[in-house]
Amino acid sequence: MIELIRCHVKSVIVSQGVKNMKIFENVAWEKLLEQPAPFQPQPSDETDTTYFEVLFCDIDTKEHCLGAQSSA
């Protein structure tokens, strides 16, 4: 499981770096939390996980890894 949360420090962009990217130049960061969410899931009940991808997998075979669709 530790493999899923490990990241390379050099690949992490600090928040100010993201805010300064050209693609985000029109974002009103100070008002971001006031905006409605672009997608609001509507689960059928409190145990409905259909909006989530498979997160855990067999590290050796990479079966059912993050981003992979379940065969069930």
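All residue numbers refer to positions in the sequence shown, counting from 1.
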Atom of Tyr51, atom of Pro43 and distance for their closest heavy-atom approach: CE1-N, 4.0 Å
Within 6.0 Å of CD1 in Ile23, more than 12 heavy atoms from elsewhere: no
Listed once per pair and sorted, the salt bridge (Lys or Arg N to Asp or Glu O under 4.0 Å) pairs that draw on residues 29-39, sequence neighbours left out: none
Hphob cluster co-occupancy, Phe39 + Phe52, side-chain heavy atoms under 4.5 angstrom: no
Taking every non-hydrogen atom, the tightest pair across Asp45 and Asp48: OD1-N, 3.0 Å
Heavy-atom closest contact (Trp29 atom, Lys19 atom, distance): CE2-CG, 3.6 Å
